[in-house]
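Below: one structure, written as structure tokens.
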Amino acid sequence: IAFEVTSQNISWGVCIDDILLEEKGNLQRQVESLSLIQNNYFIPSNSNTNPLGIISIGISGNTGAQTLKALSVEYTGTDINDININNSEIFYTRDTIFSTEIKITPTISNTSNTITFADLNYTLQTGENYIWICSSIKPSAAHNNIADFKLLQNSINISDVLFPGGAIEPSGYSTIE
């Protein structure tokens, strides 16, 4: 938005009293971007609610809904037995600052190293949406083991459309202490 104004008196300047922005069209909400931000933390053994990474989902549009229904992550850490899969958690924020204020409570299952979070049914907002994948580290977890995950192709269901188009595996990871 830019304004160009002319002053009637050279020394008094210009005052804008009111601005009105009016939306003239309806655009269906859609996924514009999806990425994975990997955290590089040191995580103590015998700890809960450890953010391993953030799924960033950009939504555009102003009408309709984009609902996060399910997602799966592939655990790529040293040993999946280091984490308590049933105590895995998902949190939602509108920015990259972690908060436990909005917890999404899914059905959790796993097959081999794939952890699935089903029945999420969370409506995403226009703009950036951040989904935090958190793990619980067992007391028996070996120190210096890696805690990490990646997204496989078609592992996120948003309004019955599968994302991402290919696997996403950032270079970062967390280390268990």
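Just so you know, these numbers use all the heavy atoms, side chains as well, and skip hydrogens, waters and symmetry mates. Since we're looking at a predicted model, the values are computed, not measured.
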Do any N or O atoms from the side chain of [X] and from the backbone of [Y] form a donor-acceptor pair under 3.5 angstrom?
X    : Y    : value
N87  : S136 : no
N40  : Y173 : yes
T126 : G61  : yes
D79  : N81  : yes
Q30  : S60  : no
N129 : I57  : yes
N39  : P51  : yes
R29  : I59  : no

Any I102 side-chain heavy atom under 4.5 Å of T93 side chain: no
Report all side-chain donor-acceptor pairs from residues 110-120 shorter than 3.5 Å, counting only partners two or more places apart or in another chain.
from	atom 1	to	atom 2	distance (Å)
N110	ND2	S112	O	3.3
N113	ND2	Y75	O	3.3
T114	OG1	E74	OE1	2.5
T116	OG1	S72	OG	2.9
D119	OD2	T107	OG1	2.8

More than 12 heavy atoms from other groups under 6.0 Å of CG on N144: no
Pair R94 + E128: basic N to acidic O under 4.0 Å: no
Salt-bridge criterion met for K69 and D160 (N-O under 4.0 Å): yes
With F91 via ring pair (Phe, Tyr, Trp, His ring centres under 6.0 Å) - residues at least two apart: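 Only F98 meet the ring pair (Phe, Tyr, Trp, His ring centres under 6.0 Å) criterion with F91.
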